[in-house]
Amino acid sequence: MTIQEYLDKIEVLQNEKNKIVYSDNADLELYIQKIKNETTELSFTLTEIFQKSNSKMTIINKDVLKRFSNHLGLLFLEEQESGNVCFANSDEVRSEYKQSFKLIDLLDYIYAFGHSTAFKESQKVIVPSEKDLFWKLAKIGSGLRK
């Protein structure tokens with residue numbers, strides 16, 4: 001699946017208001033509830049972060065991405081770094097030690113959030129304050145994507 005195909009799949013979530021296809025919905029809803037209970041709530045809609053260009057390609061809104069990155073306290077990496085400098089961005093590193101995220105991590109987070117009842121009700125994706133919750137949802141989203 002290409003990134004554009006994944007973006008198109010995420011956009012479909014806006015129209016599937018009552019359909020939840022995640023088999024282990026309890027964990028997803030628990031994590032979403034924890035995010036909703038946080039005092040600082042930064043959120044965005046899918047139309048705010050995903051913008052269509054003239055060529056019908058989806059463009060990620062850099063301002064929303066920057067607010068997401070700053071709020072979460074993680075660095076956004078636009079490209080996969082080449083070389084073997086260290087294990088900082090390795091998939092083998094536990095989530096609490098990760099200091100950066102890639103586009104696929106963000107898309108997985110949004111995809112998981114899009115399967116929650118909170119998204120179905122508000123059509124907004126809430127940015128967590130806790131990195132751990134981000135990584136848990138990104139893992140769920142990755143599972144849904146696969």
Side-chain angles (χ1 to χ4, degrees), residues 1-82 88-91 93-146:
M1 173 184 314
T2 67
I3 292 292
Q4 185 60 49
E5 289 170 338
Y6 195 24
L7 289 168
D8 294 340
K9 192 173 181 179
I10 290 170
E11 286 187 63
V12 170
L13 290 174
Q14 288 180 302
N15 302 324
E16 297 178 347
K17 293 183 181 174
N18 296 322
K19 185 179 178 186
I20 297 177
V21 295
Y22 183 55
S23 61
D24 195 6
N25 201 35
D27 283 343
L28 173 65
E29 293 298 331
L30 175 68
Y31 299 145
I32 299 295
Q33 193 58 45
K34 285 181 180 179
I35 292 169
K36 284 178 64 176
N37 289 339
E38 294 174 351
T39 54
T40 58
E41 186 176 303
L42 175 65
S43 63
F44 56 86
T45 63
L46 294 183
T47 53
E48 289 173 331
I49 193 161
F50 303 133
Q51 300 170 342
K52 292 283 185 186
S53 69
N54 293 341
S55 63
K56 298 192 180 187
M57 293 291 290
T58 303
I59 299 170
I60 306 294
N61 183 328
K62 300 262 186 200
D63 293 332
V64 174
L65 183 59
K66 186 173 183 170
R67 283 186 292 156
F68 188 94
S69 176
N70 289 342
H71 188 77
L72 202 52
L74 292 173
L75 178 65
F76 174 69
L77 299 177
E78 291 194 37
E79 297 179 9
Q80 183 70 24
E81 293 183 14
S82 59
N89 300 314
S90 170
D91 292 333
V93 174
R94 293 190 342 219
S95 60
E96 59 266 24
Y97 296 111
K98 291 184 180 181
Q99 296 180 5
S100 61
F101 67 100
K102 298 176 277 190
L103 179 59
I104 195 69
D105 299 321
L106 174 64
L107 296 178
D108 285 341
Y109 174 84
I110 293 170
Y111 196 57
F113 204 100
H115 283 81
S116 71
T117 55
F119 179 80
K120 306 291 186 227
E121 294 168 358
S122 70
Q123 295 293 299
K124 291 186 176 185
V125 176
I126 302 171
V127 182
S129 294
E130 295 181 35
K131 296 173 192 174
D132 189 46
L133 290 172
F134 167 76
W135 290 114
K136 285 179 180 178
L137 281 176
K139 183 177 181 181
I140 290 172
S142 175
L144 287 167
R145 174 173 41 93
K146 294 176 182 170

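This one's a predicted model, so the numbers in the text were calculated from it and none came from an experiment.
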Closest approach of [X] and [Y], non-hydrogen atoms and distance?
X	Y	answer
A138	D105	CB-O, 3.8 Å
A112	L144	CA-CD1, 4.1 Å
E11	L46	CA-CD1, 4.4 Å
L103	F76	N-CE1, 3.5 Å
N61	Q51	ND2-NE2, 3.1 Å
E78	K62	OE1-NZ, 3.5 Å

* side-chain hydrogen bond (donor to acceptor under 3.5 Å, both in side chains) evaluation trace for T58 with Q4 -> CA-CA 7 Å; T58 303; Q4 185 60 49; 3.0 Å; yes
Which residues pass the ring-ring contact (aromatic ring centres under 6.0 Å, His included) test with [X], sequence neighbours left out?
X	value
F68	F101, Y109, F134
F50	none
Y6	Y111

* Only pairs at least two apart or in different chains count here, so list each salt bridge (Lys or Arg N to Asp or Glu O under 4.0 Å) that has a residue in residues 137-146. =>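 Residue pairs with at least one partner in residues 137-146: D108-R145.
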* Which residues share a salt bridge (charged side-chain N to carboxylate O under 4.0 Å, His left out) with D63, sequence neighbours left out ->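 Salt bridge (charged side-chain N to carboxylate O under 4.0 Å, His left out) list for D63, sorted by chain: empty.
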* Excluding sequence neighbours, so at least two apart, what forms side chain to side chain contact (heavy atoms under 4.5 Å, CB included) with K124? ->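 Applying side chain to side chain contact (heavy atoms under 4.5 Å, CB included) to K124 gives S43, T45, S122.
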* Approximate separation, where rounding is to 0.5 Å, of H71 NE2 and S129 OG ->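 Those atoms lie 3.5 Å apart.
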